[in-house]
Participant: 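So that we are looking at the same thing, I have put the structure below in structure tokens.
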Amino acid sequence: MSITTTTEGPAVLIGYPWRLQIEAAAPVFVEGAAYGGQLRVRASDPTVLATLSSAEGGVLRVSDTVLELALRPDQTAGLAPGRVVLDLVRIDLDPDLHLGFFLEIPVMLPVTRGLAP
């Protein structure tokens, strides 16, 4: 049996950085663990739009119960308006451990874009 929970969160604005904090009810985000995830249009799509990992700063352990996910502007620049999906895997274990959640994130074209300082 699967459980689906819908929670409001920030949309990805194309060309801008994006951040989201995930909070667990129990202390499951161990210090020193490594995480990775792939952004795709849908789970079955073979094309990876962006990769997030602990090594490159896209997944940051904040505490035993909080992870922060982040996309850089160059990672969001090529996205199309609509939705993307993302899940996370703990990659420092053998075998890798899927964390058991999937995110569906809206992607929006911002009104303000292309400004130069």
Participant: Give the minimum heavy-atom separation between Val66 and Phe29, together with the two atoms involved.
Facilitator: N-CD1, 3.5 Å
Participant: In the structure I gave you, are the side-chain heavy atoms of Leu79 and Leu39 within less than 4.5 Å of one another anywhere?
Facilitator: yes
Participant: With a 4.5 Å cut-off on side-chain heavy atoms, are Val107 and Arg83 touching?
Facilitator: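 With C-beta onward as the side chain, the pair stays apart.
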Participant: Are Ile14 and Tyr16 connected into the same hydrophobic cluster when the rule is that any two of I, L, V, M, F, W, Y join if their side-chain heavy atoms are below 4.5 Å apart?
Facilitator: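 In one cluster with Tyr16: Ile14, no.
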Participant: A side-chain contact here means heavy atoms from C-beta on lying under 4.5 Å apart; do Val30 and Arg90 qualify?
Facilitator: yes
Participant: Do Phe101 and Leu67 sit in one hydrophobic cluster, given that two such residues count as connected whenever their side-chain heavy atoms are within less than 4.5 Å of each other, even indirectly?
Facilitator: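 They do share one cluster, since a chain of ILVMFWY contacts under 4.5 Å joins Phe101 to Leu67.
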Participant: Val12, Val41: one ILVMFWY side-chain cluster at the under-4.5 Å cut-off?
Facilitator: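 Val12 and Val41: one cluster.
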Participant: Would you name the heavy atoms of Gly57 and Ala70 that are closest together and state the gap between them?
Facilitator: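 Gly57 and Ala70 have their closest heavy atoms at O-CB, 4.3 Å.
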Participant: Rounded to the nearest 0.5 Å, what separation is found between the OG atom of Ser54 and the CG atom of Asp92?
Facilitator: 8.0 Å
Participant: Do any side-chain atoms of residues 17-27 form donor-acceptor pairs under 3.5 angstrom with protein atoms, and if so which ones, sequence neighbours left out?
Facilitator:
from, atom 1, to, atom 2, distance (Å)
Trp18, NE1, Pro10, O, 3.0
Arg19, NH1, Glu68, OE2, 2.8
Gln21, NE2, Glu68, OE1, 3.1

Participant: Who are the side chain to side chain donor-acceptor pair (under 3.5 Å) partners of Arg42, not counting sequence neighbours?
Facilitator: none
Participant: For side chain to side chain contact (heavy atoms under 4.5 Å, CB included), just list the numbers for Val59 and Leu88, CA-CA rounded to whole Å, side-chain angles, deciding distance to a tenth of an Å, and then say yes or no.
Facilitator: CA-CA 9 Å; Val59 183; Leu88 284 180; 4.0 Å; yes
Participant: Indicate, with yes or no, if Leu99 and Leu86 share a hydrophobic cluster defined by side-chain heavy-atom contacts under 4.5 Å among Ile, Leu, Val, Met, Phe, Trp and Tyr.
Facilitator: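 Same hydrophobic cluster.
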Participant: Flag the pair Leu103 / Val85 as yes when at least one side-chain heavy-atom distance between them is below 4.5 Å, and no otherwise.
Facilitator: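 They are not in contact (no side-chain heavy atoms under 4.5 Å apart), so the answer is no.
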Participant: Tell me, which pairs form a side-chain hydrogen bond (donor to acceptor under 3.5 Å, both in side chains) where one or both residues lie in residues 28-39, sequence neighbours left out?
Facilitator: Gln38-Arg40
Participant: Compare every heavy atom of Ala50 with every heavy atom of Leu71, then report the nearest pair and how far apart it is.
Facilitator: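 That would be CD2-CB, 4.1 Å.
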Participant: What about Val84 and Leu109, same hydrophobic cluster or not, with Ile/Leu/Val/Met/Phe/Trp/Tyr joined at side-chain heavy-atom distances under 4.5 Å?
Facilitator: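 Yes; Leu109 is reachable from Val84 via cluster members.
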